[in-house]
Every structure is written in structure tokens, then in C-alpha cells.
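Have a look at the structure below before the remarks.
Atoms considered below: every heavy atom in the structure, side chains included; atoms not considered: hydrogens, waters and symmetry mates.
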Amino acid sequence: MEYWFIGVFLSIYLLYFLKIIYTSIRMKASARSAFLKFIPRLIAFSMLIIALLEPSFGNFDSYTRTKVSNRIVYFLVDVSKSMDAKDIAPSRLEKAKFEIKKIVNYFPNDRFGIIAFASDAVLHTALTTDNENFKTMIQTLNTDFVSETGTNLEAALKLSLEKINNSKFQNETSFTIIIYTDGEDFGDINEKTLNDLKRKRINLILAGIGTKKGTTIETKEGKPMKNKNDIIIKTKLESEYLKTIVTKANGKYFEYNNINSPFADIIDNIENQFGIEGQQSLDASNPGNKFHYPLLIAIFIICLDLLITVRIFNF
């Protein structure tokens, strides 16, 4: 969304400049002062974009000493369009979100993070001990995160490894990565990435969501989605491919469908992983959403822009 706003802003301002230049030539006058307005407007627009991105920094004013598990869980959630398929009610993605919330409720002292992936991967929610806020962030996951088609699990795995490598708790913490996907449209996954998971003894769980029979994907208008050749797209769970991935990484594969729900098996796997010895005492302080700071700056600059006038044409 922010890229569209940037493109629209620059396009409109380019047209504005061209109009000013054309008019000044016709009037045989200088219009240099019009360009001075561009700087504060650019700053204000930049602040609005930053506010739209909802930056999080700093800490809350109060700190609470709390006990947390020495286990960290990253959820890698497929948000490609095929996850809107309803062969599992209410949809594959909604089912994944529901199961993630159940895991969070079961392990209230663990630290959780979310990486969303489709054609690319993004850190949707940084590691936190604030379970209520985390569950709110889970609900914001949707397939509108990306405009391009495709599912790039390699990018998601690399991003999770990067976060784990940069973790200050790396030496005394056990890590679990849980992937929720239907297994469609994966590109090649680098063997080095899978070997890194094994070498670091990361507990990898791959949760396949969907049915082998498959179904169509409905658009927002309730019609079957079609490809470029006007053929109705049908999506199904690629379980064999997913099993191949976890075998190479010494992980575990579990499957969700309308009959089977392996929640208990996943819980057992997480509880029995290597390295869980107890709990740590940490100051529970989570970065807050600070969108209002850049928003206030933008409003202030916009007000100044309205109050301060300049003479556009100088004869």
C-alpha cells in the first residue's frame, strides 16, 4: 500500500511541477519559489507513510518482572491466495490462525513471533511475551499482504534463521519453527538452509493445511478465481512435497484436514524438544506502536504549509 501512495504522490507532484513550468514559460516569469513548497510537503508525506507502517520502538513506561520459558517459537504462516481455499472451514488461513492461538494459550510463558510469507517473507510480529497483543496481531494476518502470486518458503526460513542467529538468548534457549502452509507453488529450497536448521538443532514442525482432493479459490465476489488463461484455479494440499522438506531437516510433519486435528501431537512435540530446562526471569517490556509521533509531525508541517504562502511567479 505504501508503494502505491508514494507512486501517486510523486506522479501528482510531477504533473504539478510540469504545469507550473509550462505556465511560467507562457507568462515569461520565474517560478522557483514553487519548488520551496516541495520540501515540507515531502517531509510531511514521508511522516504519513511512516505512521502508516506503524513503527514500534522504545518500551512501555512500566516494567513487570515475569517468568518466561526458555523456549522461543516462530510461526511461519503462508498468506498466499491458495490459503483462502475453504476445503477446511472456515478457510485454510483462518484454521491456521485458530490453531496458533490455541498453542499460545497452552504455553503462556513462551515467547512468540510471526513471519508471514508468500512471494516474499516479512516479520509480521517481533518476539514478544505479551500474549494478548500477539493474539491480536494473529488476527490481522490475511492474503492481501502481497500482490504477487507464488509461495517462497525459502525466504521465510532464511528470515527465521536470521532472527534466531541475532537473538541474544541464542545460547540458553530452545527454538521451534512451526510452518502453516498448503505446500503449493514452492520454489527450490536451498539444501544449506535445511542443513542450518539441523546444525542448530532447531525443532521444525510443518503443519500441512488442506485436503488432497482440493477445491477452488473464491474471489471477494464469491466467484471461482481464474488464471490468465481464464481457467478456474484448483488448489490442493501437497503433502508429499512437505514431507520431503521436513525429512531433509529432521523435522516433523502433521496434517490438518476436516477429520484430523493434530494439535495434541504438536503440543507433545514442542514440550519434548531439546534444551527446555526451566524458566528465565525477564523484564516484560514490549515496544509499543508509536504511529502517533510521525502523524503529529506530519499534521504540524501540513498546518505550517497552509499558513505560510509564497509568491509562485516572479516577474
L161 side, atom CG; K192 side, atom NZ - distance, nearest 0.5 Å: 8.5 Å
Distance (rounded to the nearest 0.5 Å) between D110 CG and L127 CG: 11.0 Å
Minimum heavy-atom distance between I301 and A44, given as atom pair plus value: CG2-CB, 3.9 Å
Derivation and outcome, side chain to side chain donor-acceptor pair (under 3.5 Å), residues N165 and K200: CA-CA 9 Å; N165 289 335; K200 292 183 175 295; 2.8 Å; yes
Where T176 and I178 come nearest, the two heavy atoms and their spacing: CG2-CG1, 3.7 Å
Closest approach of T129 to R111 (non-hydrogen atoms, all atoms of both residues): CG2-CG, 3.3 Å
Step-by-step salt bridge (charged side-chain N to carboxylate O under 4.0 Å, His left out) determination, R199 to D196: CA-CA 5 Å; R199 181 172 54 84; D196 285 344; 3.2 Å; yes
Expected output: side-chain N257 to main-chain E255 donor-acceptor under 3.5 Å: no
L153 CG to S160 OG distance, which is reported to the nearest 0.5 Å: 8.5 Å
T136 side-chain N/O to E132 backbone N/O, donor-acceptor pair under 3.5 Å: yes
Donor-acceptor pair, side chain of N269 and main chain of D265, under 3.5 angstrom: no
CD1 on I88 to CG on N258, rounded to 0.5 Å: 5.5 Å
Verdict with reasoning, S261 to E99, per side-chain contact (heavy atoms from CB on, under 4.5 Å): CA-CA 9 Å; S261 180; E99 293 298 322; 3.9 Å; yes
With R92, the side chain to side chain donor-acceptor pair (under 3.5 Å) member among T181, D78, T235: T235
Aromatic contact, Y74 with F175 (centres under 6.0 Å): no
Worked check of side-chain contact (heavy atoms from CB on, under 4.5 Å) between L204 and I179: CA-CA 8 Å; L204 179 66; I179 305 170; 3.7 Å; yes
Gap separating the CG atom of N131 from the NZ atom of K101, nearest 0.5 angstrom: 12.5 Å
K198 side-chain N/O to A249 backbone N/O, donor-acceptor pair under 3.5 Å: no
Any side-chain donor near an acceptor of the partner, E184 and S80, under 3.5 Å: no
Within 45° cone of Y256 ring axis and under 6.0 Å: K95 NZ or CZ: no
Heavy-atom closest contact (K243 atom, T247 atom, distance): O-OG1, 2.7 Å
F300 and I302: CA distance, side-chain angles, deciding distance, side-chain contact (heavy atoms from CB on, under 4.5 Å) verdict: CA-CA 5 Å; F300 176 73; I302 290 171; over 6 Å; no
F107-F98 co-clustered via ILVMFWY side chain contacts under 4.5 Å: no
I259 atom CD1, over 12 foreign heavy atoms within 6.0 Å: no
Whether D87 side chain and G214 backbone form a donor-acceptor pair below 3.5 Å: no
Shortest non-hydrogen contact between M47 and P294, atoms and distance: CB-O, 3.2 Å
K212 side chain vs S239 backbone, donor-acceptor pair below 3.5 Å: no
Heavy-atom donor-acceptor pair, E218 side chain to A85 backbone, under 3.5 Å: no
Atom pair CG/CZ of N203 and R71 - distance to nearest 0.5 Å: 9.5 Å
Joint cluster assignment, L237 & Y241, ILVMFWY side-chain distance < 4.5 Å: yes
Single-linkage hydrophobic cluster L159~L206, side-chain heavy atoms < 4.5 angstrom: yes
Stepwise side-chain contact (heavy atoms from CB on, under 4.5 Å) check, L42 with F9: CA-CA 9 Å; L42 178 62; F9 173 79; 4.0 Å; yes
Residue pair A121 / I115: nearest heavy atoms and the distance that separates them: CB-CG2, 4.2 Å
same_hphob_cluster(I267, I209) at 4.5 Å side-chain heavy-atom cutoff: yes
K97 (side chain) donor-acceptor with L141 (main chain) under 3.5 angstrom: yes
Evaluation steps, side chain to side chain donor-acceptor pair (under 3.5 Å), between N105 and K135: CA-CA 9 Å; N105 289 333; K135 284 184 282 188; 2.7 Å; yes
same_hphob_cluster(V79, M137) at 4.5 Å side-chain heavy-atom cutoff: no
Heavy-atom donor-acceptor pair, D182 side chain to K236 backbone, under 3.5 Å: no
Residues E162, K158: salt bridge by 4.0 Å N-O rule: no
